[in-house]
K.L.:
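Following this message is one structure expressed as structure tokens.
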Amino acid sequence: MSSTLVLGPESRLVLVDASSFVFRAYHQSLNQDPKYNVRPSDGLPTGAVRLFFAKLFQFVRDGAAGVVPTHLGIVFDKGSRESHRRQLFPEYKANRSETPADLRPQMPLVRAAVRAFGLPVIELDRTEADDLIATYARNAEAKGAEVVIVSADKDLQQLVSPRVRFYDAESGSKGKPGYRPERNLDVDAVVAKWEGLQPDRIGDALALIGDASDNIPGVPGIGLKTAAQLLLAYGSLEALLDGAATIKQPKRRENILANAEGARLSRRLVELDCAVDLPVDPDALALPAPDGRRLVAYLKALELPALAKRVAKELSVDADGVAPDADLAAASAPVPAGDGPALPPFPATEPDAYGIVETRGQLDDWVAAARAAGRFGFHLHRGDGGALGLSLAVEPGRAVYVPVEHRAAGDGLFGGLAAGQIDAAEAWGALAALMEDPEVRKVGHDLKGASKAAGRLGFAIAAADDVGLMSYALESGLTGHELPQLATRHLGGAAPDPEVLRGHGRGRIPAESVAPRAAAPVVGQLADAALRLWAVLKPRLDGTPAQRVYEELELPMVPVLARMEATGVRIDRAALGHLSRDFGSTLARLETEIHGLAGGPFQIGSPKQIGDVLFERLGLPGGRRTPGGQWATGANVLEDLAAAGHDLPARLLDWRRTAKLKSTYADALLAAADPGTDRVHTTFSLAATTTGRLSSSDPNLQNIPVRTEEGRRIRAAFVAAEGHRILSADYSQVELRLLAHLADVPRMREAFAEGVDIHAATASDMFGVPVDAVPGEMRRRAKTINFGIVYGISAFGLSDRLGIGRQEAAEFIARYFERFPGIRDYVEGTKAFCHEHGYVRTLFGRVCHYPGIASGNASERMGVERQAVNAPIQGTAADIIRRAMIRMEGALLKAGLSARMLLQVHDELVFEVPAAGAEATMRVVSDVMAGAAAPDVDLAVPLVVEAKVADDWERAH
DNA sequence: TTCCATGCTTA
DNA sequence: GTAAGCATGGAAC
């Protein structure tokens, strides 16, 4: 026996982080046949201990990382919950879940296994295994021994030195998800893995990166690469935090400054304590020769015959002559216990809160209950192919799901319906009668989406409220208005996203294949959330100006937009296909040229690589940096370089323009168009902007190119159906007109009343030149400043736009304000109003909240002030075109016209009109748009509408 | 797989 | 200087 062997220069100490090993063994055991994971005689769980034993046996025999140990330390964790780190930071490892119930009874068995090998169990109250390992490692290192640390915990890589290596054993099985090959890290390997950081800087890196599993805060958004980059630049965490103000990337700088305390705390949490009391003398870790009989007795007690046989054979023991260890044989499985904390009132926790309807009788009962209540929350659950069912909430915490069109699991094309659903015609019939009943109020979210799905089923949704739009009318600018956000904000609980039902990754399934019983609690909660939100928001809305906005500018838009989306706009598939191929060959040609000019291939789509090529490899002058510290390669920069005679930047601009047109427009529109009708159906959002503008997505049809010749070829592919034409009508200078009204500028009002060129008139007033003698450059400057005012102007922005000095720009603005004092009053008055109230209003009473107006950060506060100055202008324009859209269908109907509204692009409406009625439609559309502010708002300037008819959108625009 | 920065399209 | 959405590359998770 060598148990007296003193730890010294000839020794090889292997330190095993037992707890991490046991956890890994446990999870590995879960992937195996459950019958191998329990003791047959009484069901005592043994899966983790079996794998742990096998691994320990391997360490004793073969060592780790090629090191056969003379000393072996098996170190356990006994202090995560009360360690000194907990005192520093109560949340430390607070998110660790409880030890699994079937692992807990195995822990004593694991310790027994260690003792069966003749080794001490190393553990110490209130001390984490990491600190014990660190102390043993430093101790042995000091004595000249070779050390291998076996752990899955990367924190321990801090200890790596010329004498200390880190070994992370293979986990999982080859070819299966989560498999990791073994890793054997010496100093060089650690430095490579940590992106150039020496082991003694790993603690700094860990403090920045944080660790979700240990609840170490770190700095959000910083990962290994960024941390290493920063630490190599600054030398250490302390130096980095002291010099954080000099970090170039603004986001990163603010982020680190804001989280500096968290990083300091994290640094202390990840610091290893190399001087804890050692519960076992290091010399006592000397590895004894294994006692085969004792090991076999252990394995027999756990009823692991295969392992017992193997150990007996390798250690030349007669297994038959060994009796099971009596104490262990008597150990039995304890009964686990424990229950979670009380849940919040939403979502409801009663087991029958979110039920399911399976019979006609039940359905009739619920419909009757909804009618009796006079209002109910609902969620029309939809899959790719349309409505799947409807959930109803008749009172908070009580909802039910009526599944109708779910498919049976595993059935594809020809699959039948899922079991337990009422006949579709019957179910939809009863539900449609309820949804169309004007006497019962329906409360939902995304009413537009629900209305479209209902429309496909042949019914409308009458007397409905949309809690998302209610929230938008009340709190635009304060929060998002999606159901989960509203639930968190107002109900104190999280509403589910129905997408969770489909799972993710490879197991993702269509919504219609989800079992009705699985869907019921989720969609039931959505109906419940809608009803509860209504109960919160309705009292806040009633009797306020926001109520009128909701009722007159939000809700009436729902059916209008639903019809526009359902109608879609026709594209010329052949033309777009031709364009795509054209763009493709242009790109291929440009790519060759660019690579040639650059002296080698690179990702042309990568701004980072472009910067490297232009400013590093080719050394072009005049490079600027982006806010993120990279080389800026935006169009401005490339244009300057191209103007200086460089070919490569010019080709890059061509490439970017062409790539944009191909991928964002030609290809995306072809992919989006309905293959049967060649029509593209966008989705308009009513509640996506702070100002009241709409937004368009999937695809966005509000940013179709128009400025360049090539781009207009895309727009020309938006065509009318046979026998029809495209009508485009847009407001002329609407925002400047509104500025003239809001700021009450007599000269501007007159110019608009007389129909003279507003920018020339501005220039004339500013520089005392007759309107018809204003030079082009002067007019351009006036135009820029006019737009600048609408956008909340700053001398900085104006100087950038005009290419003049900051000082000159400031003088320019001063002169403008001198000539148009009303505008200065408007700008200053609007800022003051926003500072006082935290919001601004449009002329129609829409509120736009700007909580950031009170920011202590001057540049941020000025940014919010610009938003506040712009919002009444942009928002009033948005309100006006909404009014036009709401009135449009009635006006066309009244005139006996059958034009269909297709798109809204902020100041423009696009229609598809029967060729014969184009002229008459143009008059009606123009009249409705021009008169849209009246009667609520009496504008001091006329609204002018320009309309045109053609065969495609490009020529109509 | 998800998120961020960059760049580009529109009003 | 305002308001949006989307493609791409690259890093984080």
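Labels below follow one simple rule: chain letters A, B, ... track the order of the sequence lines, proteins then strands, and each chain is numbered from 1.
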K.L.:
Would you please say whether a donor-acceptor pair under 3.5 Å links the side chains of Asn259(A) and Asn255(A)?
P.N.:
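A pair is found: one side chain offers a donor N or O, the other an acceptor, under 3.5 Å apart.
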
K.L.:
Please state how far atom CD1 in Ile785(A) lies from atom P in dT2(C), giving the value in whole angstrom units.
P.N.:
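Those two atoms, CD1 and P, are 16 Å apart.
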
K.L.:
Would you indicate what Ala795(A) reaches in the nucleic acid, counting non-hydrogen atoms under 4.0 angstrom: base, sugar-phosphate, or nothing?
P.N.:
nothing

K.L.:
Go through dG7(B), dT2(C), dA3(C) for me and flag the one nearest to the Thr691(A) side chain.
P.N.:
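For the Thr691(A) side chain, the nearest candidate turns out to be dA3(C).
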
K.L.:
Regarding Ala871(A), tell me which of base, sugar-phosphate or nothing describes its non-hydrogen contacts under 4.0 Å with the strands shown.
P.N.:
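The residue Ala871(A) makes no contact with any strand.
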
K.L.:
Got a list of side-chain donor-acceptor pairs under 3.5 Å for residues 222-232 of chain A, not counting sequence neighbours?
P.N.:
none

K.L.:
Which nucleotide in the set dG1(C), dT9(B), dA4(C) lies at the smallest distance from any side-chain heavy atom of Thr689(A)?
P.N.:
dA4(C)

K.L.:
Could you run down nucleotides 7-13 of chain C 5' to 3' and tag each one B, S or - for protein heavy-atom contact under 4.0 Å?
P.N.:
SSSSSSS

K.L.:
Check Ala950(A) against Ala956(A) and note the closest heavy-atom contact, atom names and distance.
P.N.:
CB-N, 3.5 Å

K.L.:
Under 4.0 Å between any heavy atoms, over every strand shown, what does Thr708(A) touch: base, sugar-phosphate, or nothing? Just pick one.
P.N.:
nothing

K.L.:
Is the shortest side-chain heavy-atom distance between Arg866(A) and Ser794(A) below 4.5 Å?
P.N.:
yes

K.L.:
Hey, are Lys154(A) and Asp168(A) close enough for a salt bridge, meaning a charged N less than 4.0 Å from a carboxylate O?
P.N.:
no

K.L.:
How close or far is atom P of dC8(B) from atom CZ of Arg657(A), stated in whole angstroms?
P.N.:
9 Å

K.L.:
How long is the line joining CD of Glu946(A) and C1' of dA11(B), in whole Å?
P.N.:
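Those two atoms, CD and C1', are 15 Å apart.
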
K.L.:
Strictly distance-based, threshold 3.5 Å: is any side-chain N or O of Ser926(A) a donor or acceptor partner for the main-chain N or O of Val945(A)?
P.N.:
no

K.L.:
Less than 4.0 angstrom between a side-chain N/O of Arg707(A) and OP1 or OP2 of dT9(B), yes or no?
P.N.:
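Answer no for this pair, as no side-chain N or O of Arg707(A) is under 4.0 Å from OP1 or OP2.
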
K.L.:
Scan Asp730(A) against the nucleic acid and name what it touches under 4.0 Å (heavy atoms): base, sugar-phosphate only, or nothing.
P.N.:
nothing

K.L.:
Grab the CZ-P distance between Phe684(A) and dG5(C) for me, whole Å please.
P.N.:
12 Å

K.L.:
Mind calculating the distance between CG (Asn636(A)) and C1' (dT6(B)) to the nearest angstrom?
P.N.:
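Asn636(A) atom CG is separated from dT6(B) atom C1' by 14 Å.
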
K.L.:
Reckon Val706(A) touches a base, only the sugar-phosphate, or nothing at all at heavy-atom distances under 4.0 Å?
P.N.:
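Answer is sugar-phosphate: Val706(A) comes under 4.0 Å of backbone atoms only.
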
K.L.:
Counting side-chain heavy atoms from CB outward, which of dT9(B), dG1(C), dC6(C) is closest to Ile793(A)?
P.N.:
dG1(C)

K.L.:
Rounded off to whole Å, could you give me the CD-to-P distance for the Glu908(A) and dA11(B) pair?
P.N.:
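Rounded to the whole Å, the gap is 7 Å.
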
K.L.:
Any base atoms under 4.0 Å from Arg801(A), or only sugar-phosphate, or nothing? Heavy atoms, all strands.
P.N.:
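Base contact.
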
K.L.:
For a quick check of understanding: with a heavy-atom distance under 4.0 Å over all strands, which category does Asn700(A) fall into, base, sugar-phosphate or nothing?
P.N.:
sugar-phosphate

K.L.:
Atom CG of Asn786(A) and atom P of dT2(C): how far apart are they, to the nearest Å?
P.N.:
17 Å

K.L.:
Would you kindly check if the NZ (Lys) or CZ (Arg) of Arg781(A) is within the cone defined by 45 degrees around the ring axis of Phe812(A) and under 6.0 Å from the six-membered ring centre?
P.N.:
yes

K.L.:
Decide yes or no, distance alone: a donor-acceptor N/O pair under 3.5 angstrom between the base of dT2(C) and the side-chain of Gln867(A).
P.N.:
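Result: no qualifying N/O pair found.
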
K.L.:
Base, sugar-phosphate or nothing for Val905(A)? Non-hydrogen atoms, less than 4.0 Å.
P.N.:
sugar-phosphate

K.L.:
Just to be sure I understand the rule, does Gly788(A) reach a base, reach only the sugar-phosphate, or reach nothing, if contact means heavy atoms closer than 4.0 Å?
P.N.:
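If one applies the 4.0 Å heavy-atom cut-off, Gly788(A) turns out to touch a base.
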
K.L.:
So, Gln874(A) and Thr691(A): side-chain donor and acceptor under 3.5 Å apart, yes or no?
P.N.:
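Looking only at side-chain atoms, Thr691(A) and Gln874(A) do form a donor-acceptor pair, the distance falling under 3.5 Å.
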
K.L.:
For the pair made of CG in Leu638(A) and C1' in dG7(B), what is the distance, rounded to whole Å?
P.N.:
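Going from CG in Leu638(A) over to C1' in dG7(B) covers 10 Å.
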
K.L.:
Determine whether a donor-acceptor pair (one donor, one acceptor, N or O, separation below 3.5 Å) exists between the side chain of Arg693(A) and the base of dA3(C).
P.N.:
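Answer yes: a donor N or O sits under 3.5 Å from an acceptor.
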
K.L.:
Which part of the nucleic acid does Thr633(A) contact within heavy-atom distance under 4.0 Å: base, sugar-phosphate only, or nothing?
P.N.:
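Sugar-phosphate, no base atom in range.
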
K.L.:
Check every strand shown and say whether Phe787(A) touches a base, only sugar-phosphate, or nothing at a heavy-atom separation below 4.0 Å.
P.N.:
nothing

K.L.:
Quick check on Arg801(A): does its CZ atom have over 12 non-hydrogen neighbours (other residues, nucleotides or ligands) under 6.0 Å away?
P.N.:
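Counting neighbours around CZ of Arg801(A), 12 or fewer heavy atoms of other residues, nucleotides or ligands fall under 6.0 Å, so no.
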
